[in-house]
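Okay, so here's the structure we're looking at.
Quantities reported herein were computed from a predicted structural model and do not represent experimental measurements.
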Amino acid sequence: MIDYTKRVRLVAAADAALALLVSLGLILSPTSSGSKESRRDLLDDASAVTSIRISGGEPVELVKTGTGWEAVDGDAWLPVDSSRVAAFLKAVDSIERAELVAEDASSQPALGLGAGARKVTLLGEGGKELCAFALGSYASSPGTVYISIGDGPESYAVASGMASYALGRRSSWLDLRAWSSPPTPDDVEEVLLRGSLDGAGGTAVSLDYTIARSGKGWMSGGEALDAMKVDAMIRAIAALRGDDYADADEPAGNAVVELELRLGNGRTLNLAVEPVRADGRYPARSSQRERGMYLPAWSLTEALKPIGELRP
């Protein structure tokens with residue numbers, strides 16, 4: 001009985017010693033050491049960011065305001081798509097590993113980290129730098145991109161979730177909706193259209209009519225219209241979106257189409273559309289935007305329907 005008990009204790013001691021050796025081996029192994037070295041939190045706190053600067057190519061400067069974000073445009077400001085900024089900061093904040101791929105700055109050009117690389121700087125209160133990195137080429141490993149951090153010579157591979165945002169054009173950050181508060185069909189009591197747009201083959205499409213709500217339907221000149229078609233048109237008008245803002249000093253031109261939406265709360269929304277440009281875009285001015293914008297021709301032709309297309 002005594003010998004058996006001793007044997008059990010010896011086996012237990014041997015097992016404990018073996019477990020300790022295995023643990024030490026894991027802790028001291030080169031693989032474990034490399035894994036720890038690759039951990040790097042690129043941004044400590046996304047909520048602390050109050051300014052974003054992106055240089056290299058088309059410069060972008062975004063500033064946090066009390067109501068969201070705005071883009072610096074010379075001496076003026078442009079509205080920004082705050083959800084895009086939030087997604088970008090979340091993607092940067094999620095980077096917690098940076099795999100070292102090169103220690104010498106001479107390797108950076110081959111990784112897309114040369115003089116023309118996109119450089120991102122995130123600032124906090126008082127202009128304190130919270131994060132700075134240059135963005136290079138996408139790596140051969142799926143879902144990774146090369147970066148350099150600060151002014152360091154090292155190059156790293158990190159998760160590429162933030163890359164598409166940082167590489168985007170300035171206009172990709174802007175809130176380019178024609179309306180800051182888009183109406184719903186239920187909000188609208190009348191739709192007034194005056195003018196014409198160029199149609200297929202250069203033929204002008206007349207848009208001279210008024211639509212008024214009548215009970216649960218719509219009327220125009222005593223004629224009942226297809227309520228679903230009218231509602232669809234209002235939704236398309238509410239969803240109008242430009243692809244950039246006009247320069248601050250660009251003067252307003254003569255309108256070829258004037259749109260007026262009269263709402264049930266007494267408010268009125270207006271959109272003046274100017275002649276189409278050579279690039280196929282229509283300059284337009286919305287009563288809910290301080291700056292003119294450019295609307296793609298397809299979006300206007302999809303939204304503004306001639307009266308014949310609204311009949312049952």
Quiz item: Does CD in Q288 sit with more than 12 non-hydrogen atoms of other residues, nucleotides or ligands closer than 6.0 Å?
Solution: yes

Exercise. Decide whether L113 and V145 are clustered together by the hydrophobic rule: side chain heavy atoms of Ile, Leu, Val, Met, Phe, Trp, Tyr closer than 4.5 Å, transitively.
Key: no

Quiz item: Hey, does the side chain of R118 reach the backbone of G168 with a donor-acceptor pair shorter than 3.5 angstrom?
Solution: yes

Self-check item: Donor + acceptor pair across side chains of R277, Y282 (<3.5 Å)
Solution: no

Practice problem: May I have the step-by-step check of salt bridge (Lys or Arg N to Asp or Glu O under 4.0 Å) for R281 and D244, ending in yes or no? | Solution: CA-CA 10 Å; R281 301 184 299 174; D244 206 349; 5.4 Å; no

Quiz prompt | Check: R267 main-chain N/O paired with R262 side-chain donor or acceptor under 3.5 Å | solution = no

Quiz item: Do the non-hydrogen side-chain atoms of L176 and Y294 ever get within less than 4.5 Å of each other?
Solution: no

Quiz prompt | Any side-chain heavy-atom pair of K229 and L225 under 4.5 Å | solution = no

Exercise. Using the six-membered ring wherever Trp is involved, compare the ring planes of W173 and Y165 and label them parallel, tilted or perpendicular (cut-offs 30° and 60°).
Key: tilted

Exercise. Check step by step if side-chain contact (heavy atoms from CB on, under 4.5 Å) holds for N265 and D187.
Key: CA-CA 8 Å; N265 61 8; D187 296 330; over 6 Å; no

Quiz prompt | Whether S196 side chain and S206 backbone form a donor-acceptor pair below 3.5 Å | solution = no

Quiz prompt | T121 backbone acceptor or donor facing E129 side chain under 3.5 Å | solution = no

Self-check item: Side chain to side chain, D41 and R97, heavy atoms closer than 4.5 Å
Solution: no

Exercise. Taking the side chain as every heavy atom from C-beta outward, state whether L192 and L259 have any pair of such atoms under 4.5 Å apart.
Key: no

Self-check item: salt bridge (Lys or Arg N to Asp or Glu O under 4.0 Å) evaluation trace for D175 with R289
Solution: CA-CA 10 Å; D175 180 357; R289 294 299 186 192; 3.3 Å; yes

Quiz item: Linking I/L/V/M/F/W/Y whenever any side-chain heavy atoms sit under 4.5 Å apart, do I149 and L89 land together?
Solution: yes

Self-check item: Donor-acceptor under 3.5 Å (E189 side chain, L263 main chain)
Solution: no

Quiz item: Do T144 and S160 have side chains that get closer than 4.5 Å, going by heavy atoms?
Solution: no

Quiz item: Do V205 and P306 touch side chain to side chain, with heavy atoms closer than 4.5 Å?
Solution: yes

Quiz item: For the side chain of D73 and the backbone of L78, is there at least one donor-acceptor N/O pair under 3.5 Å apart?
Solution: no

Practice problem: Determine, step by step, whether L269 and L271 satisfy the side-chain contact (heavy atoms from CB on, under 4.5 Å) criterion, reporting the C-alpha distance in whole Å, the side-chain angles of both residues, the deciding distance to 0.1 Å, and the verdict. | Solution: CA-CA 7 Å; L269 304 181; L271 183 72; over 6 Å; no

Exercise. Drop me the distance from I234's CD1 to I211's CD1, to the nearest 0.5 angstrom.
Key: 7.0 Å

Quiz prompt | Criterion salt bridge (Lys or Arg N to Asp or Glu O under 4.0 Å) on E190 and R213, from CA distance to verdict | solution = CA-CA 6 Å; E190 283 188 291; R213 187 178 293 280; over 6 Å; no

Practice problem: Using a 4.5 Å cut-off on heavy atoms from C-beta on, say whether the side chain of P275 contacts that of V256. | Solution: yes

Practice problem: Mind checking the CG-CZ spacing from L62 to R84? Nearest 0.5 Å is all I need. | Solution: 10.0 Å

Quiz prompt | Residue pair E258 / V273, side-chain heavy-atom distance below 4.5 Å | solution = no

Practice problem: Check step by step if side chain to side chain donor-acceptor pair (under 3.5 Å) holds for R291 and S286. | Solution: CA-CA 8 Å; R291 185 86 67 90; S286 163; over 6 Å; no

Quiz item: With a cut-off of 6.0 Å (strictly less than), are more than 12 heavy atoms of other residues, nucleotides or ligands near CD of E125?
Solution: no

Quiz item: Applying the 4.5 Å side-chain criterion to the ILVMFWY set and letting contacts propagate, would Y138 and L42 be lumped into a single cluster?
Solution: yes

Practice problem: Hey, could you give me the CD1/CZ distance between I147 and R40, rounded to the nearest 0.5 Å? | Solution: 8.0 Å

Quiz item: Do D231 and W218 meet the criterion of a side-chain donor-acceptor pair at a distance under 3.5 Å?
Solution: yes

Exercise. Measure the spacing between NZ of K119 and OG of S55 and express it to the nearest 0.5 Å.
Key: 6.5 Å

Quiz item: Under 6.0 Å from the CG atom of N254, do we count more than 12 heavy atoms belonging to anything else shown?
Solution: no

Exercise. Count the heavy atoms of every other residue, nucleotide or ligand shown that sit under 6.0 Å from CD of E58, and state whether that count exceeds 12.
Key: yes

Exercise. Please check if the side chain of Q108 supplies one atom and the backbone of P153 the other of a donor-acceptor pair under 3.5 Å.
Key: yes

Exercise. Consider only side-chain N and O atoms of T184 and D186, and report whether a donor and an acceptor are under 3.5 Å apart.
Key: no

Quiz item: Looking at D226 and R311, does any basic side-chain N land under 4.0 Å from a carboxylate oxygen?
Solution: no

Quiz item: Looking at OG1 of T50 and CD1 of I52, how far apart are the two atoms once the value is rounded to the nearest 0.5 Å?
Solution: 9.5 Å

Exercise. Please report the C-alpha distance between R285 and E274 in whole Å, then the side-chain angles of each, then the deciding distance to 0.1 Å, and finally whether the salt bridge (Lys or Arg N to Asp or Glu O under 4.0 Å) criterion is met.
Key: CA-CA 8 Å; R285 297 183 182 271; E274 299 169 18; 3.3 Å; yes

Self-check item: Distance, nearest 0.5 Å, that separates CG of D45 from CG of L43
Solution: 7.0 Å

Self-check item: N/O donor-acceptor pair under 3.5 Å between S299 side chain and L295 backbone
Solution: no

